[in-house]
Undergrad: 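The structure follows.
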Amino acid sequence: MPELTPEEHRVIMIKYLTKNATIDNLHEDLLRPILMTTEVRMCEEYCFTDAVIFDLEHYTLEHASKVKFTTLKKAEICLMKAFRCRLKAIHIINAPACAEVLIGILKAVFSSKLSSRIHVHGKDLTEFSKQVPRMCLPDDLGGTGGSLQENWDLWLKKVDSYHDWFLQHENFKSDESKRQGGDFDSSDLFGFEGSFRKLSVD
């Protein structure tokens, strides 16, 4: 959202605009624009922390069936460690009953510190409206920050203006031989090291 809160926090809205969940790599495709906008914000942003709002109005059982533990964990590592994002809060609103699976996975996969900042409001937005100023909310949620679609259209133009920059960065790769502490192993995502293919008995 364009306006910062009085405490200089940036409010970020994430929402499925339709109930269509037929895309094969649904959450990976959702993560891509999140990472792209995060990269743009690294160049232009001036806020202290982020307050993320997940609006699950259109969330369905089909969405829930496509949630992957590894995708969520990789997203956390990328955003929190690579991009060094600072999250003040994660608000989940308009959550249907089937969203309990997603919320449970988020709390299980995310670090305890991040999990403690997840606030679930369901359909009752009374408490939520006390925590996020109206000027930082879209018109769709009773705010004064313009419609969600209008703000997304502006962000599409902003990301498109970085078109050549993104293409250039596609060629950048990390040199894992210089990583301190050893190579990053995807098997470490959940705190376990190794593939468990070999068992050593002393």
Side-chain angles (χ1 to χ4, degrees), residues 1-17 26-59 71-95 99 102-103 105-107 109-163 165-166 169:
M1 299 302 296
E3 294 290 337
L4 296 179
T5 68
E7 298 83 14
E8 304 293 327
H9 305 311
R10 176 71 66 194
V11 174
I12 301 172
M13 287 287 308
I14 300 176
K15 180 180 182 178
Y16 299 103
L17 293 179
L26 178 66
H27 294 98
E28 289 84 348
D29 288 348
L30 174 63
L31 183 59
R32 186 184 301 274
I34 292 174
L35 295 178
M36 292 177 75
T37 53
T38 301
E39 288 201 61
V40 172
R41 292 180 60 219
M42 287 181 67
C43 300
E44 302 186 11
E45 186 60 281
Y46 51 90
C47 70
F48 287 145
T49 58
D50 295 334
V52 179
I53 302 172
F54 285 98
D55 187 346
L56 299 184
E57 178 185 6
H58 297 138
Y59 193 81
T71 298
L72 293 175
K73 189 61 180 180
K74 287 177 181 178
E76 182 200 10
I77 292 174
C78 188
L79 291 169
M80 305 304 291
K81 294 187 177 181
F83 288 115
R84 306 303 295 177
C85 294
R86 299 180 61 194
L87 284 179
K88 172 182 171 59
I90 299 175
H91 297 282
I92 299 177
I93 63 173
N94 294 320
L102 173 64
I103 296 167
I105 291 175
L106 288 175
K107 290 184 176 181
V109 169
F110 288 173
S111 66
S112 57
K113 182 178 180 180
L114 191 55
S115 296
S116 67
R117 296 178 182 176
I118 297 177
H119 308 280
V120 183
H121 302 281
K123 300 289 184 180
D124 184 0
L125 303 182
T126 305
E127 188 62 31
F128 167 74
S129 61
K130 297 177 183 178
Q131 300 181 42
V132 184
R134 287 188 63 205
M135 65 180 182
C136 299
L137 292 174
D139 300 347
D140 317 56
L141 293 176
T144 59
S147 74
L148 197 59
Q149 188 63 57
E150 288 171 350
N151 281 285
W152 178 231
D153 290 341
L154 290 173
W155 261 106
L156 285 176
K157 291 179 181 179
K158 171 63 74 174
V159 171
D160 189 56
S161 70
Y162 278 77
H163 177 269
W165 185 85
F166 278 118
H169 281 67

Undergrad: Is it the case that over 12 heavy atoms from other parts of the model lie below 6.0 angstrom from the NE2 atom of His169?
TA: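 Count over threshold, so yes.
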
Undergrad: What pairs of residues pass the ring pair (Phe, Tyr, Trp, His ring centres under 6.0 Å) test when at least one of them lies in residues 109-135, not counting sequence neighbours?
TA: His91-His119, His91-His121, His91-Phe128, His121-Phe128

Undergrad: Taking only residues two or more places apart in sequence, or in another chain, which ones meet Arg41 in a salt bridge (Lys or Arg N to Asp or Glu O under 4.0 Å)?
TA: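 Applying salt bridge (Lys or Arg N to Asp or Glu O under 4.0 Å) to Arg41 gives Glu45, Asp50.
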
Undergrad: Just how far is it from atom CD of Glu39 to atom CH2 of Trp165, taken to the nearest 0.5 Å?
TA: 4.5 Å

Undergrad: To the closest 0.5 Å, what do you measure between CD1 (Ile14) and CD1 (Ile12)?
TA: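 Answer rounded to 0.5 Å: 7.0 Å.
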
Undergrad: Any donor-acceptor pair under 3.5 Å linking the side chain of Glu76 with the backbone of Ser111?
TA: yes

Undergrad: Counting only N and O atoms by type, is there a donor-acceptor contact under 3.5 Å from the side chain of Asn151 to the main-chain atoms of Gly145?
TA: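 Yes; judged by distance alone, with no hydrogens or angles, the pair exists.
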
Undergrad: Just verifying a value: how many Å separate Thr37 OG1 and Leu35 CG, rounded to the nearest 0.5 Å?
TA: 7.5 Å

Undergrad: Ignoring hydrogens, what is the shortest heavy-atom contact between Arg117 and Leu87? Give both atom names and the distance.
TA: NH1-O, 2.6 Å

Undergrad: Between Met135 and Leu4, what is the shortest heavy-atom contact and its length?
TA: CE-O, 3.3 Å

Undergrad: Considering residues, nucleotides and ligands other than Phe83, do more than 12 of their heavy atoms fall under 6.0 Å from its CZ?
TA: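 Enclosed.
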
Undergrad: Identify the heavy atoms of Met1 and Leu137 that sit nearest to each other, and give their distance.
TA: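 For Met1 and Leu137, the tightest heavy-atom pair comes out as CE-C, 3.6 Å.
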
Undergrad: CG/Asn94 to CG/Leu56 distance, rounded to the nearest 0.5 angstrom?
TA: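 Atom-to-atom, Asn94:CG and Leu56:CG are 8.0 Å apart.
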
Undergrad: For a quick test of reading the model, state the closest non-hydrogen atom pair linking Arg10 to Cys47 and the distance between them.
TA: CB-SG, 3.6 Å

Undergrad: Any chance you could measure Asp139, atom CG, to Thr144, atom OG1, to the nearest 0.5 Å?
TA: 7.5 Å

Undergrad: At what distance, to the nearest 0.5 angstrom, does NZ of Lys107 lie from OG of Ser116?
TA: 10.0 Å

Undergrad: For atom NZ of Lys123, decide whether the heavy atoms of other residues, nucleotides or ligands shown that lie under 6.0 angstrom number more than 12.
TA: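 More than 12 heavy atoms, drawn from other residues, nucleotides or ligands, come within 6.0 Å of this atom.
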
Undergrad: For Phe48 and Thr5, what are the C-alpha separation, side-chain angles and deciding distance, and is it a side-chain contact (heavy atoms from CB on, under 4.5 Å)?
TA: CA-CA 10 Å; Phe48 287 145; Thr5 68; over 6 Å; no

Undergrad: Can you see which heavy atom on Ile34 is nearest to which on Thr38, and at what distance?
TA: O-OG1, 2.6 Å

Undergrad: Under the rule for salt bridge (Lys or Arg N to Asp or Glu O under 4.0 Å), what residues qualify as partners of Lys158, not counting sequence neighbours?
TA: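 Expected list: Glu44.
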
Undergrad: Gln149 and Ser147: side-chain donor and acceptor closer than 3.5 Å?
TA: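 Side chains of Gln149 and Ser147: no pair found under 3.5 Å.
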
Undergrad: Quick one: closest heavy-atom pair of Leu141 and Leu125, and the distance?
TA: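 Closest approach of Leu141 to Leu125, heavy atoms only: CD2-CD1, 4.4 Å.
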
